[in-house]
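One structure is given below, encoded as structure tokens.
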Amino acid sequence: QVQLVESGGGLVQAGGSLRLSCATSERTFSSYGMGWFRQAPGKEREFVAAINWSGRSTSYADSVKGRFTISRDNAKNTVYLQMNSLKPEDTAVYYCAADQAGYISRSERVYDYWGQGTQVTVSS
């Protein structure tokens with residue numbers, strides 16, 4: 001079982017920045033596609049960003065495009081989500097997910113492994 005551990009969440013004022021990290025000890029991490037999803041209270045979980053195994057291809061939800069950046073460091077078995085210009089509507093639990101196939105996907109169903117989530121709260 002692949003374990004994914006998110007960190008970096010917290011409380012920030014609107015307009016601020018946070019960087020989320022998702023780390024694993026899994027040696028085949030460099031072959032996985034990785035995604036970030038989020039779930040706000042009372043809402044369904046939604047796609048935020050994804051990156052393919054090499055890091056050369058990325059995809060973003062329209063709501064975060066231009067503000068969030070996904071990246072990965074395969075030497076450190078870690079994927080990042082840099083979040084800038086945060087808004088109160090970005091408040092949610094953020095989850096990272098891993099896809100063994102290595103591609104980019106916006107669909108939750110594709111992902112094989114999930115982290116426990118990290119809370120991000122943006123105050124107005």
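In the displayed structure, Glu89 atom CD is contacted under 6.0 Å by more than 12 heavy atoms of other residues, nucleotides or ligands. The 12-atom threshold is not exceeded at CD of Gln116, counting heavy atoms of other residues, nucleotides or ligands nearer than 6.0 Å.
Closest heavy-atom contact between Ile51 and Thr58: CG1-CG2, 3.8 Å. In terms of heavy-atom proximity, Met34 sits nearest to Leu4 at CE-CD2, 4.3 Å. Pairing each heavy atom of Ala14 with each of Ser124, the nearest pair is CB-CA, 4.4 Å. Considering every non-hydrogen atom in both Tyr60 and Ile70, the closest pair reads OH-N, 2.9 Å. When all heavy atoms of Ser17 and Asn84 are compared, the closest pair comes out as OG-OD1, 2.9 Å. Here the closest heavy-atom approach between residue Gln3 and residue Thr24 is recorded as O-OG1, 2.9 Å.
Judged by distance alone, the side chain of Asn74 and the main-chain N or O of Asn77 form no donor-acceptor pair under 3.5 Å. Between the side chain of Thr78 and the main chain of Ala23, no donor-acceptor pair closer than 3.5 Å is present. Side chain of Gln13 to backbone of Ser123: no donor-acceptor contact under 3.5 angstrom is found. Proximity of a side-chain donor or acceptor of Tyr111 to a complementary backbone N or O of Ser105 within less than 3.5 Å is detected. Distance alone, capped at 3.5 Å, is enough to place a donor-acceptor pair between the Arg67 side chain and the Ser85 backbone. Counting only distance, with no hydrogens or angles, the side chain of Glu6 and the backbone of Leu20 share no donor-acceptor pair below 3.5 Å. Without hydrogens or angle criteria, Arg106 side chain to Ala50 main chain gives no donor-acceptor distance under 3.5 Å.
For the atom pair Tyr113 OH and Cys22 SG, the distance stands at 13.5 Å (nearest 0.5 Å). In this structure, CG on Asp73 lies 11.0 Å from OG on Ser30, to the nearest 0.5 angstrom. One distance of note links OG of Ser59 with CD1 of Ile104; it measures 5.5 Å at 0.5 Å rounding. Remark: Gln39 CD to Glu46 CD distance equals 9.5 Å, nearest 0.5 Å.
One hydrophobic cluster, built from ILVMFWY side chains closer than 4.5 Å, holds both Val48 and Val12. Criterion: ILVMFWY side-chain heavy atoms under 4.5 Å apart, direct or through other members. Under it, Leu18 and Tyr80 are not part of a common hydrophobic cluster.
Between Leu81 and Val79, every side-chain heavy-atom pair lies at or beyond the 4.5 Å cut-off. Between Lys76 and Ser21, every side-chain heavy-atom pair lies at or beyond the 4.5 Å cut-off.
Cation-pi geometry between Arg72 and Tyr32 is not met at under 6.0 angstrom from the ring centre and within 45 degrees of the axis.
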- Message: Apply side chain to side chain contact (heavy atoms under 4.5 Å, CB included) to residues Met83 and Trp36 and explain how you reach the verdict.
- Response: CA-CA 12 Å; Met83 305 186 296; Trp36 285 97; over 6 Å; no

- Apply side chain to side chain contact (heavy atoms under 4.5 Å, CB included) to the pair Thr91 and Gln119, showing each step before the final yes or no. CA-CA 8 Å; Thr91 295; Gln119 176 70 46; 4.0 Å; yes

- Item | Candidate pair Val93 and Thr118, rule side chain to side chain contact (heavy atoms under 4.5 Å, CB included), full reasoning | CA-CA 5 Å; Val93 177; Thr118 186; over 6 Å; no

- Verify side chain to side chain contact (heavy atoms under 4.5 Å, CB included) between Leu86 and Phe68, making sure each step is shown before the conclusion. CA-CA 9 Å; Leu86 282 161; Phe68 291 11; 3.8 Å; yes

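Using a cut-off of 4.0 Å between Lys/Arg side-chain N and Asp/Glu carboxylate O, Lys87 and Asp90 are scored as not salt-bridged.
Ring pair Tyr95/Trp114 is perpendicular by interplanar angle, where above 60° counts as perpendicular and below 30° as parallel.
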